[in-house]
Amino acid sequence: MIRMKVAQALKTGEAGQLVDVRGWVRTRRDSKQAFSFVELNDGSCMANLQVVIDANVPGYADAIKHVTTGASIAIEGEVKDSPAKGQRIEVHATSLRVLGEADPLKYPLQKKGHSFEFLREIAHLRPRTNTFGAITRVRNAAATAIHNFFQSRGFCYIQSPIITTSDCEGAGQMFQVTTLDLHKLAASGKPVNFELDFFGKPASLTVSGQLEAEIFACSVGECYTFGPTFRAENSNTTRHLAEFWMVEPEMPFCDLTDNMKLAESFIKTVIGDVMKNCEADMAFFNERIDEKHELLATMQNILDHEFIRLPYTEAIDVLQKSGKKFEYSIEWGADLQSEHERFLTEEHFKQPVILFDYPRTLKPFYMRCNEDGKTVRAMDVLVPRVGEIIGGSQREERLDVLLERMKECHLDPETYWWYVDLRRYGTVPHAGFGLGFERLIQLVTGMANIRDCIPFPRVPKSAEF
RNA sequence: UCCUCGAUAGCUCAAUCGGUAGAGCGAGCGGCUGUUAACCGCUAGGUUUUAGGUUCGAGUCCUAAUCGAGGAGCCA
């Protein structure tokens, strides 16, 4: 008797093998007098294993009643070649055990489809569906691909802190972390004394690990972070989460050109790995999720072509000369609206676009200033359907220019003293970027809403699970 | 946060001009069948999100709240 996962059984199972398989029932089709067909799924792959349970299996009459959608069962049996179409092999049970019943009157998942909105309300059960099983496996494959990509290039994995007291870069509204008793504080009516708080000063959840990654890029060399990030923005869109995972590589002795090169091969490698390692899941997304069934073709198109590299100034020109009517007109100095980004990547170029050299007024203090005095070495990678998937830059390594820029952005260098120190002692040109992991999952799976690309989405007014 | 739309059976939806709330799926029961998101028959299942209001009468009209979706802003 060999204990087998469904994926393994379907791939390598051969007639005559005695196997022990366990999982959850997707559907049961009965032949009352003779036997039952059970579709068994254990999450190891998209496909189900067909189990045939004959009526003379011990305890059949009692047990089969409880073999309903959602119930967990353990089967011992023999692998046989399937006489019917639809599957290569099947398992003929010699024993059946119901491990956990699932009352069919109450079990929320049906064999037929559900809306994603409904499934979000039962996030504890949705991984049992085809779609969310597939997303989970793709997420896992993508995370593995990310580590492989960096590890194979000698990047060091850095764990940046989740709790921080530096109000870093103003990347977004922060979630405050405190052990102070808010009820007492509110009742007292007195101003808050943060010296009494856990860290002795205001603390928050991180909005980025970039500044910390720079510390390690300037010591151990190429490195990357991959961890949760928090933004307390009141954003209600299909592309934003309050808690999301971000990948942030940082490289010393590199400029913006190197940065773009890395970003491009990074995205291509991860997509390529997922397509190779999650073939069945990707086929499912192509057929059932992408309405036009173009997902695989779109991914292949990304792999086959070089990303467009377009300076901000030229992008403005392209947009102005496009003849396209935009809701917001565009001119040099203004930030691109979603409609503009979408036009460039979805209509004009129809592939990923790297925009770079943005006006300095639009970007944060740490981005390297160009000689023209007007722009900084910033880059955004835009992809069809998702929009901005990467934001990055070459960092300002010159102490005097950095201090100047901080002044311009009304930031106190004292607060960032350790960041400024990196320019004071052995400064080097360096660059890096941040990639939103869930947006990458959105791109690869074709899922419309980012809330379905993370196991437990956190958005305004919602953190049930 | 702003704009638009929505909330009716377990799920997905319908309900004409304001006049007795319906279907499909799912579920239960029965039948049939090496079945494949099976098929056929029967049955059960509703305080129409909540709180007010208009009206002889409200699922339908008005006000507010809550939740959800799409778009915008912010960004990854």
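Under a 3.5 Å cut-off, the side chain of A/Lys363 and the backbone N or O of A/Arg360 do not form any donor-acceptor pair. Judged by distance alone, the side chain of A/Arg88 and the main-chain N or O of A/Gly13 form a donor-acceptor pair under 3.5 Å. A donor-acceptor pair is defined here as one N or O able to donate and one able to accept, closer than 3.5 Å; such a pair exists between the side chain of A/Glu438 and the backbone of A/Trp245.
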Which protein N or O atoms sit under 3.5 Å from an N or O of nucleotides 37-39 of chain B?
from	atom 1	to	atom 2	distance (Å)
B/A37	N6	A/Arg288	NH2	2.9
B/A37	N1	A/Gly113	N	3.2
B/A37	N3	A/Lys111	O	3.4
B/A38	OP2	A/Arg29	NH1	3.4

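In secondary-structure terms, RNA chain B builds stems of at least 3 consecutive Watson-Crick or G-U pairs, each pair having both distances under 3.5 Å, at B:1-7 with B:66-72, B:10-13 with B:22-25, B:27-31 with B:39-43, B:49-53 with B:61-65.
Looking only at atom types and distance, the side chain of A/Thr238 has no donor-acceptor partner in the side chain of A/Asn449 under 3.5 Å away. Side chain to side chain, A/Gln210 and A/Glu214 meet the donor-acceptor criterion of an N or O pair below 3.5 Å. When only modelled atom types and interatomic distance are considered, A/Tyr224 and A/Gln151 share a side-chain donor-acceptor pair under 3.5 Å. Using a 3.5 Å distance cut-off with no hydrogens or angles, the side chains of A/Asn370 and A/Asp357 do pair a donor with an acceptor. Counting only N and O atoms by type, the side chains of A/Ser208 and A/Glu248 include a donor and acceptor under 3.5 Å apart.
Nucleic acid contact for A/Phe118: sugar-phosphate only, since backbone atoms but no base atoms lie under 4.0 Å from a heavy atom of the residue. Within the nucleic acid shown, A/Ser36 has no heavy atom closer than 4.0 Å to any nucleic acid atom. At a threshold of 4.0 angstrom between heavy atoms, the contacts of A/Glu327 with the nucleic acid are absent.
Each of B/A72, B/G68, B/U35 was ranked by its minimum atom distance to the side chain of A/Arg120; first place goes to B/G68. Relative to the side chain of A/Gln50, the nucleotides B/G34, B/C74, B/A76 differ in distance, and B/G34 lies closest. Of the candidate nucleotides B/G68, B/A76, B/G73, B/G73 has the atom nearest to the side chain of A/Gln337.
Distances shown here put every side-chain N or O of A/Ser235 at or beyond 4.0 Å from the OP1 or OP2 atom of B/C75.
Note that A/Arg458 lies outside the cation-pi zone of A/Phe456, set by a 6.0 Å cut-off to the ring centre and a 45° limit from the axis.
Mapping A/Ala242 and A/Val52 onto RNA chain B via the closest heavy atom, the residue that lands nearer the 5' end is A/Val52. Residues A/Lys85 and A/Thr69 each lie close to RNA chain B; by heavy-atom proximity, the contact nearer the 5' end of the strand is made by A/Thr69.
Residue A/Phe37 and nucleotide B/G34 are not classified as a stacked aromatic pair, given the requirement of ring centres less than 5.5 Å apart at an interplanar angle below 30°.
Residues A/Phe226 and A/Phe150 keep their aromatic ring centres 6.0 Å or farther apart.
Within residues 96-110 of chain A, the residues having any heavy atom closer than 4.0 Å to RNA chain B are, in order of number, A/Pro104, A/Leu105, A/Gln110.
Base orientation at B/C42 is anti, since its O4'-C1' glycosidic dihedral falls outside 90° of 0.
Classified by interplanar angle (parallel below 30°, tilted 30° to 60°, perpendicular above 60°), the ring pair A/Tyr358/A/Tyr312 is tilted.
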